[in-house]
Amino acid sequence: MHNIVINASTPIETLRKAGIVPEWMAEECEEHGMYEAENILCEWDWEDGWDLGDGYDKDQLEILANVRHIIHNALGY
């Protein structure tokens with residue numbers, strides 16, 4: 001397990017540095033204005049009609065599911 005405390009406003013960059021969010025996902029999040037852990041759970045970019053995971057292959061979707069699981073559990077949802 002990772003040695004950080006995750007709350008809704010934990011920066012995605014902090015999650016990246018902790019090895020929870022991979023670099024490629026963190027870059028995509030930033031590109032779409034997503035900066036906090038909670039955004040990874042259910043963020044929709046209305047301007048672009050885009051959601052995190054769009055266009056991901058099977059392996060990437062599994063990583064995303066794991067990242068969301070970690071954040072979901074940490075937030076106690």
- prompt: Residues two or more places apart in sequence or in another chain: which of them pass side-chain contact (heavy atoms from CB on, under 4.5 Å) with N73?
  reply: H69
message: Between I20 and T14, is there a side-chain heavy-atom distance shorter than 4.5 Å?
response: no
field: Contact check, side chains of I71 and E38, non-hydrogen atoms, under 4.5 Å
entry: no
Please give me the minimum heavy-atom distance between [X] and [Y], naming the atom from each residue.
| X | Y | result |
| --- | --- | --- |
| P22 | V67 | CD-CG2, 4.3 Å |
| Q60 | G55 | OE1-O, 4.3 Å |
| A37 | I6 | CB-CG2, 4.1 Å |

Would you compute the distance between atom [atom1] of [X] and atom [atom2] of [Y] and round it to the nearest 0.5 angstrom?
| X | Y | atom1 | atom2 | value |
| --- | --- | --- | --- | --- |
| I63 | M25 | CD1 | CE | 6.5 Å |
| I40 | T10 | CD1 | OG1 | 10.0 Å |
| N39 | E30 | CG | CD | 12.0 Å |
| R68 | L75 | CZ | CG | 13.0 Å |
| L52 | L61 | CG | CG | 9.5 Å |

field: E13 atom CD, over 12 foreign heavy atoms within 6.0 Å
entry: yes
Any residue meeting ring pair (Phe, Tyr, Trp, His ring centres under 6.0 Å) with Y56, in chain and number order, not counting sequence neighbours: W24
message: Under 4.5 Å between side-chain heavy atoms, counting indirect links through other Ile/Leu/Val/Met/Phe/Trp/Tyr residues: same cluster for Y35 and L15 or not?
response: no
query: Tell me the salt bridge (Lys or Arg N to Asp or Glu O under 4.0 Å) pairs involving residues 19-28, sequence neighbours left out?
result: R16-E23
